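One structure below.
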Amino acid sequence: MALAAAPVAGLSLVAAPPALAHDQLVGSTPEDGGTVSTPLTSVELVFSAAIPGEFVQVAVTDAAGGSFADGAPQTVGDTVSQAVTQLPDGEYTIAYRVVSSDGHPIDGTVAFTVAGVGPAEPAGTPSSPAEQPPSTPSSAPSSAPSETQPPESEEPADATTPAAGAGDSSDDGGLGTTAIVLLVAGGALVVALLAYWAAGGRRRGGAEDTDR
């Protein structure tokens with residue numbers, strides 16, 4: 001019986017490792033250590049068995065530690081896909097952590113290089129002047145005077161202000177004329193009085209001669 005049981009035990013030992021082996025990474029895009037020269041939109045990891053999608057973690061980083069993963073990874077059977085942003089030339093690492101079909105977590109890394117793609121484009125590229133809409137000119141106030149506004153009075157350039165003493169001569173002339181008029185009137189009055197007195201004296205003398 002012991003001799004009969006020995007071959008069975010040996011078969012069980014030989015068959016045990018495959019039953020207890022964890023799932024493994026069997027392929028990737030890009031390949032581990034490979035170089036790509038075309039722009040990538042995603043990376044893929046292929047495992048030896050179907051992977052539960054709710055326990056998948058994938059990171060894509062460059063040599064400086066910058067992250068290029070875009071969104072959450074997608075799992076379809078044994079393939080895990082991770083979208084990435086534009087990858088400029090440089091060295092990158094795909095780090096993954098998944099749960100094997102036997103329930104054990106497995107992790108690892110895949111390294112690759114991007115060459116010939118060029119630097120990354122800026123996030124916001126300003127449009128050229130031709131693409132920009134023409135700006136609407138702001139309404140500037142008109143410099144022309146309003147029609148309802150009365151025109152400002154303008155004095156002739158050669159206008160001069162009368163001298164302070166210019167009016168004195170006219171006043172003196174008026175006083176002199178008045179004085180002359182008064183003198184003439186006074187003289188006429190005196191002449192009239194003398195004439196009246198002379199006429200009265202003649203009348204009285206004529207009357208006396210008549211009485212005689």
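These figures come from a predicted structure and were not determined experimentally.
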Which pairs with one or both residues in residues 104-118 pass salt bridge (Lys or Arg N to Asp or Glu O under 4.0 Å), sequence neighbours excluded?
R97-D107
With a cutoff of under 4.5 Å between side-chain heavy atoms, which Ile, Leu, Val, Met, Phe, Trp and Tyr residues group with L193?
L189
Rest of the hydrophobic cluster containing V191 (Ile/Leu/Val/Met/Phe/Trp/Tyr, side-chain heavy atoms under 4.5 Å)?
none
D102 side chain near H22 side chain, heavy-atom distance below 4.5 Å
yes
Could you tell me whether the side chain of Y96 reaches within less than 4.5 Å of the side chain of L25, counting heavy atoms only?
yes
Rounded to the nearest 0.5 Å, how far does OG of S81 lie from CD of Q74?
8.0 Å
How far does CZ of F112 sit from OG1 of T93, to the nearest 0.5 angstrom?
8.0 Å
With a 3.5 Å cut-off and sequence neighbours excluded, list the donor-acceptor pairs that the side chains of residues 45-69 form with protein atoms.
unit_1	atom_1	unit_2	atom_2	d
S48	OG	Q24	N	2.9
D62	OD1	A64	N	3.2
D62	OD1	G65	N	2.9
D62	OD1	G66	N	2.5

Heavy-atom closest pair (Q86 atom, P119 atom, distance to 0.1 Å) is NE2-O, 3.7 Å
Donor-acceptor pairs under 3.5 angstrom involving side-chain atoms of residues 27-43: please list them, not counting sequence neighbours.
unit_1	atom_1	unit_2	atom_2	d
S28	OG	P30	O	2.8
D32	OD1	A111	N	3.0

Does D70 form a side chain to side chain donor-acceptor pair (under 3.5 Å) with T85? I'd like the steps, not just the answer.
CA-CA 6 Å; D70 186 9; T85 58; over 6 Å; no
